[in-house]
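Please read the structure below before turning to the comments.
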Amino acid sequence: MTERDTKPIHIRAVPTEVVDTLQARASKRGMSLTSYLRDHLVDLADRPTAEEWVSSAVDRGWGVDSTTLQQVVREAREEEREL
């Protein structure tokens, strides 16, 4: 990725404690806050949302309808919250 391949973004009204936590995490890795956040945003964009995943799974012709897949995703999320 070159400077030409990037765009600046601005996020307003981030709570101070959130910024402090993220800055501390970035510092522990020897990174600037900007680099740390950029890496996480790139990672976030690389992973499909649940809806995108369900749509791509349905499109593969696995024989599972989207309603069933969505229910499985919901159940998995509920299990994660209970942990």
Side-chain angles (χ1 to χ4, degrees):
M1 174 172 31
T2 66
E3 190 72 24
R4 300 170 108 184
D5 297 331
T6 64
K7 290 183 178 183
I9 62 171
H10 302 277
I11 302 173
R12 301 181 199 286
V14 178
T16 301
E17 60 273 8
V18 171
V19 175
D20 293 344
T21 299
L22 293 172
Q23 180 63 60
R25 290 177 183 171
S27 293
K28 285 181 182 178
R29 289 172 178 77
M31 301 173 76
S32 68
L33 179 58
T34 299
S35 294
Y36 181 81
L37 293 174
R38 180 178 44 242
D39 287 354
H40 282 280
L41 288 171
V42 168
D43 183 53
L44 181 64
D46 284 344
R47 289 183 277 137
T49 65
E51 293 79 15
E52 291 167 340
W53 181 85
V54 167
S55 177
S56 70
V58 170
D59 291 344
R60 291 181 188 171
W62 291 351
V64 179
D65 63 282
S66 63
T67 303
T68 301
L69 289 173
Q70 290 170 355
Q71 183 61 35
V72 169
V73 169
R74 279 190 208 100
E75 290 171 3
R77 285 181 178 169
E78 288 175 13
E79 288 177 13
E80 285 181 5
R81 287 186 201 128
E82 293 173 359
L83 296 178

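For D46, there are no salt bridge (Lys or Arg N to Asp or Glu O under 4.0 Å) partners at least two apart in sequence or on another chain. Remark: R29 pairs with no residue by the salt bridge (Lys or Arg N to Asp or Glu O under 4.0 Å) rule, at least two apart or across chains. For the side-chain contact (heavy atoms from CB on, under 4.5 Å) test, residues two or more places apart in sequence or in another chain that qualify with T49 are E51, E52. Residues forming a side chain to side chain donor-acceptor pair (under 3.5 Å) with D43 (at least two apart in sequence, or on another chain): R47.
Under a hydrophobic clustering in which Ile, Leu, Val, Met, Phe, Trp and Tyr are joined whenever their side-chain heavy atoms come within less than 4.5 Å, directly or via other members, V19 and I11 fall into the same cluster.
Judged as a ring-ring contact (aromatic ring centres under 6.0 Å, His included), not a single pair has a partner in residues 64-83 (not counting sequence neighbours). Within the structure, every pair that satisfies the ring-ring contact (aromatic ring centres under 6.0 Å, His included) test and touches residues 6-38, not counting sequence neighbours, is listed here: Y36-H40.
Looking only at side-chain heavy atoms (C-beta outward), L41 and I9 come within less than 4.5 Å of each other.
Smallest separation of non-hydrogen atoms from A26 and S32: CB-O, 3.7 Å. Of all non-hydrogen atoms in A50 and V73, the two that sit nearest each other are CB-CG1, 3.8 Å.
The structure places CZ of R74 at 11.0 Å from CG of L69, a figure rounded to the nearest 0.5 Å.
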